[in-house]
Amino acid sequence: MTPLRLHDSLRRQKVPFEPLEPGKVGMYVCGPTPYAPAHIGHAYSAISFDTIRRSLRFLGYVVRYVRNITDVEDKIIRRANELGEDPMALAARFADAYNSDMAQFGVMPPDVEPKVSTHIAEIIDLTAKLVANGSAYAVDGDVYFQVDTFPPYGKLSGMSVDDLRAGASERELVEKAKKSPVDFALWKAAKPGEPAWDSPWGKGRPGWHIECSAMTVAHLGQSFDIHGGGKDLIFPHHENEIAQSQGAYGTETFARYWMHNGFLNFDGEKMSKSLGNVFGCDQIADAVGGEALRFFCVKHHYRSPIEFEVDEIRALDGTPTGVRFRSLEAADRDLEYFYVTLSKIDAFTAQGGDGGDGAVLPEAEKLVRATHEALADDFNSPKVMAAMHEAAQLGNKLIAEGKGIDKAVRRRTLARVARDLRAVGEALGVLANAPATYLRDRRDRLVRRKAIDVTKIDRLIADRAAARAAKDFTRGDEIRNELAAIGIELLDTPQGTDWRVHDDAS
RNA sequence: GGAGCCAUCGCCAAGUGGUAAGGCAGUGGUCUGCAAAACCACCAUCCCCGGUUCAAAUCCGGGUGGCUCCUCCA
């Protein structure tokens, strides 16, 4: 097992990773509050932690991965009331949609997917524990965590309780019932039109943060290895989780390492509905395919803010007619390179065998080793990409020319390159498709986007084949140019002429 | 107002003390009837100023520019 170092948000530096149990990792990631279709930001977060999970497996750890669904929450209730739908049903509907969206991006289902609605008893127990030991107090059916009973409060986010108190007072959002404006709700008294459960404090429902504290204990224990989530969750969500869990079980408990992923930026700005730059998962998958987004994500380091380029497409009169995801199209082209490479290697080894067992060219040994090193250094997936490019180049080179290389060694090396590319791809969640499937889907997508007439292409290719057979290269080139004008590139191979859609780079 | 992050080639993006990964685009070449694909070669001294050090993109101080959090937000 490769020794791992990872960046801990609490200590604000890379630290050696020492799991509670050698070889095993217990990991909790904050999942969605499903009240609307998932957007690209949700996907980025899910992909980031899925990549970390896959990387841990690649490095030899056995991972228990818990990702919750917060299905009882203000936004869900509000939306459900607007639609006249049962809140839990609405949450279940969007949770299902979320999971199928994420599957498109290669996100594996979590080992455990706990929901608030099925952990009410645990939440009440935890809340009662906090009340009993003086960390929390009940007022008129609400229960609040008393922040000043927990001195380490603010350590994760770097917030000072005094500043927070001042800020909260300024905003005049102080609910009179709270002893201090920084205290936060663990349990909320029932209001009309809201789901409610019986509790020692009357009918009510959980506050926002308490569910994660209750569910981590239930599924990973009072102390566990890694807690992850989006950067935005550091305050107040994760800060409050720490206060609740350690307030209940002691300061040496809860997450041993905190990991947070960076945000996606659009032209330097964060995504927000008011800027009109929130893109749905379905829109992305439809435009470039799910794997392109996945590839785009792992090309970047999970902690860095990512620049996501979107071009507006306008009609001649200036009316916006749609968008192009420039970064994703670039990622898709990159992916195409790997799939074309795999396809060539597969065809080569299928034809004359894989060379059997034995030595390979030393360059082919590098990929897996480099991947271990890169992933063990705080999951540096961009570094892995660099190694993958080197390996693919080696593969293409060996296919293009084999002179001076032992025939069996060449075949074995090629087989090894393809195998390792796929193994490394698995660690990043890419290259799992059959090359032919990916390449066909990609071409179909581009054909659709550009409204290309495929029968016309087939006809012209047949015409050109006839012309070339008759050595009429002038006519042949005319046809090539004609197709090029509508964005089709011809690929003459020994097996005949194939074609691809020219994907204008920018 | 308080807290924090970032600034690396035309674009994207690694690198956190030892002399700038990788990709896209570009240029030249190989291959090709011509092309495409593929391969080969070329292509940056790291926002500015000062400091520490034998040595800094990397550390410290000061600027400038950008972003985030403190309120729902992946």
Side-chain angles (χ1 to χ4, degrees), chain A residues 12-14 29-33 35-36 38-49 73-75 78 154 157-160 162-164 166-168 170-171 173 182 208 228-237 239 260-265 267-273 278 295-296 299-301 303-309 326-327 329-331 333-334 336-337 340-341 343-344 370 374 377 380-390 392-401 468 471-474 476-477 480-481 483-484 488-493 497-500 502 505-506:
Chain A
R12 289 156 217 271
Q13 59 180 330
K14 279 189 208 173
V29 175
C30 288
T33 299
Y35 68 101
H39 60 243
I40 186 172
H42 296 108
Y44 180 54
S45 197
I47 291 169
S48 294
F49 286 102
E73 207 269 344
D74 296 7
K75 293 190 291 291
R78 198 185 318 135
S157 56
M159 301 278 180
S160 111
D162 288 341
D163 291 344
L164 288 170
E170 269 172 33
R171 262 177 272 109
L173 291 176
V182 294
W208 173 32
K231 231 184 171 104
D232 58 310
L233 294 177
I234 292 174
F235 188 88
H237 188 57
E239 196 71 72
H260 293 97
N261 70 275
F263 265 25
L264 240 36
N265 287 331
D267 291 323
E269 300 271 319
K270 82 171 213 166
M271 178 169 64
S272 93
K273 284 173 184 155
V278 177
F295 196 88
F296 169 77
K299 272 173 77 175
H300 301 74
H301 187 84
R303 271 189 294 116
S304 304
I306 296 193
E307 201 50 50
F308 185 82
E309 297 177 296
R326 209 146 39 99
S327 319
E329 287 177 17
R333 276 194 297 278
D334 216 349
E336 184 196 24
Y337 169 77
V340 166
T341 301
S343 152
K344 286 182 186 169
D377 182 17
N380 194 328
S381 56
K383 238 175 176 169
V384 176
M385 298 286 347
M388 286 173 73
H389 272 104
E390 273 183 37
Q393 249 160 39
L394 173 65
N396 280 127
K397 203 185 310 183
L398 284 175
I399 295 221
E401 52 180 302
R468 292 176 78 211
K471 298 273 185 244
D472 182 359
F473 291 120
T474 311
D477 289 348
R480 174 190 291 290
N481 293 334
L483 284 166
I488 301 302
E489 284 171 353
L490 295 179
L491 290 69
D492 291 330
T493 73
T497 300
D498 198 4
W499 57 276
R500 68 189 284 272
H502 177 71
S506 47

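We name chains A, B, ... by the order of the sequence lines, and we start the count at 1 in each one.
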K.L.:
Given B:A74, is OP1 or OP2 found less than 4.0 Å from the side-chain N or O atoms of A:Lys231?
P.N.:
no
K.L.:
5'-most contact on RNA chain B: A:Glu489 or A:Glu73, nearest heavy atom basis?
P.N.:
A:Glu489
K.L.:
Would you indicate which nucleotide in B:C73, B:A35, B:A21 comes nearest to any side-chain atom of A:Asp232?
P.N.:
B:C73
K.L.:
Regarding B:G33, can its base be found pairing with the side chain of A:Arg468 as donor and acceptor, where the two atoms are less than 3.5 Å apart?
P.N.:
yes
K.L.:
To the nearest angstrom, how far is A:Ile234 atom CD1 from B:C69 atom P?
P.N.:
11 Å
K.L.:
Rounded to the nearest angstrom, tell me the gap between atom CD1 in A:Ile488 and atom C1' in B:A37.
P.N.:
15 Å
K.L.:
For nucleotides B:A25 and B:U32, find the distance between their P atoms and express it as a whole number of Å.
P.N.:
24 Å
K.L.:
Is there a donor and acceptor pair, one atom on the side chain of A:Arg333 and one on the base of B:C24, closer than 3.5 Å?
P.N.:
no
K.L.:
Which listed nucleotide (B:C70, B:A37, B:A74) is nearest to the side chain of A:Leu164?
P.N.:
B:C70
K.L.:
Of all the nucleotides listed (B:A37, B:A14, B:A74), which has the minimum atom distance to the side chain of A:Leu233?
P.N.:
B:A74
K.L.:
Is there a stack between A:Phe263 and B:A74, judged by ring centres under 5.5 Å and planes under 30°?
P.N.:
yes
K.L.:
From NZ of A:Lys14 over to C1' of B:U16, roughly how many Å is that when rounded to an integer?
P.N.:
8 Å
K.L.:
Looking at B:A74, B:A36, B:A13, which one has an atom nearest to any side-chain atom of A:Asn261?
P.N.:
B:A74
K.L.:
Send over the distance from A:Met385 CE to B:G15 C1', rounded to a whole Å.
P.N.:
17 Å
K.L.:
Between B:A37 and B:G23, how far apart are the P atoms? Round to whole Å, please.
P.N.:
16 Å
K.L.:
Should B:C31 form a Watson-Crick or G-U wobble pair with both distances under 3.5 Å, which nucleotide is its partner?
P.N.:
none
K.L.:
Under 4.0 Å, heavy atoms only, any strand: does A:Asp492 hit a base, just the sugar-phosphate, or nothing?
P.N.:
base
K.L.:
Take atom CD of A:Gln13 and atom P of B:C5, then tell me their distance rounded to the nearest Å.
P.N.:
13 Å
K.L.:
Choose from B:C34, B:C67, B:A74 the nucleotide whose nearest atom is closest to any side-chain atom of A:Asn265.
P.N.:
B:C67
K.L.:
For A:Lys14, which residues count as a side chain to side chain contact (heavy atoms under 4.5 Å, CB included) partner, sequence neighbours excluded?
P.N.:
A:Arg5, A:His7, A:Arg303, A:Asp377, A:Asp378
K.L.:
Taking only the P atom of each, what is the distance from B:G18 to B:A55 in whole angstrom?
P.N.:
15 Å
K.L.:
Which of parallel (below 30°), tilted (30 to 60°) and perpendicular (above 60°) describes A:Tyr337 and A:His389?
P.N.:
parallel
K.L.:
Would you give the length of the straight line joining atom CG of A:Leu491 to atom CH2 of A:Trp499, rounded to the nearest 0.5 angstrom?
P.N.:
11.0 Å
K.L.:
Treating primed atoms plus P, OP1 and OP2 as sugar-phosphate and everything else as base, which nucleotides of nucleotides 38-46 of chain B get B, S or - for protein heavy atoms under 4.0 Å?
P.N.:
SSS------
K.L.:
Take atom P in B:A35 and the same atom in B:C46, then report the distance between them in whole Å.
P.N.:
41 Å
K.L.:
Heavy atoms, side chains only, cut-off 4.5 Å: are A:Trp208 and A:Asp74 in contact?
P.N.:
no
K.L.:
For a quick check under 3.5 Å, do A:Ser157 and A:Glu239 share a side-chain donor-acceptor pair by atom type?
P.N.:
yes
K.L.:
Rounded to the nearest 0.5 Å, how far apart are CG of A:Asn261 and CZ of A:Phe49?
P.N.:
5.0 Å
K.L.:
In the structure shown, which nucleotide is the Watson-Crick or G-U wobble counterpart of B:G1, with both distances under 3.5 Å?
P.N.:
B:C70
K.L.:
Write down the distance separating the P atoms in B:U8 and B:A14, rounded off to the nearest Å.
P.N.:
11 Å
K.L.:
Rounded to the Å, how far apart are A:Phe296 CZ and B:C12 P?
P.N.:
11 Å
K.L.:
Please state the C1' separation for the pair B:A44 and B:U53 - nearest whole angstrom.
P.N.:
25 Å
K.L.:
Assign A:Phe235 to base, sugar-phosphate, or nothing according to its heavy-atom contacts below 4.0 angstrom with the strands shown.
P.N.:
sugar-phosphate
K.L.:
If you define the side chain from C-beta out and look only at heavy atoms, does anything of A:Phe295 sit under 4.5 Å from A:Asp334?
P.N.:
yes
K.L.:
In whole Å, what separates the C1' atom of B:C12 from that of B:A21?
P.N.:
14 Å
K.L.:
Ignoring hydrogens and geometry, is there a side-chain-to-backbone donor-acceptor pair from A:Ser327 to A:Glu309 under 3.5 Å?
P.N.:
yes
K.L.:
Would you measure the distance from the P atom in B:C47 across to the matching atom in B:A13 and give it in whole Å?
P.N.:
15 Å
K.L.:
To the nearest Å, give me how far apart CG (A:Asp377) and C1' (B:A21) are.
P.N.:
13 Å
K.L.:
Round to the nearest Å and state the distance from A:Lys75 atom NZ to B:C73 atom C1'.
P.N.:
7 Å
K.L.:
Would you compute the distance between atom CD1 of A:Ile488 and atom CZ of A:Arg500 and round it to the nearest 0.5 angstrom?
P.N.:
10.0 Å
K.L.:
Let's test this: given Watson-Crick or G-U wobble pairing with both distances under 3.5 Å, identify the partner of B:G26.
P.N.:
B:C42
K.L.:
When we call it a touch if two heavy atoms are under 4.0 Å apart, what does A:Ser304 touch: a base, just sugar-phosphate, or nothing?
P.N.:
sugar-phosphate
K.L.:
Starting the side chain at C-beta, find the nucleotide from B:G23, B:C12, B:A36 nearest to A:Asp334.
P.N.:
B:G23
K.L.:
Do A:Asp492 and A:Arg480 come close enough that some side-chain heavy atom pair is under 4.5 Å?
P.N.:
yes
K.L.:
According to the Watson-Crick and G-U wobble definitions, with both distances under 3.5 Å, which nucleotide is paired to B:U64?
P.N.:
B:A7
K.L.:
A:Asn380 side chain: which of B:A14, B:A21, B:A74 is closest?
P.N.:
B:A14
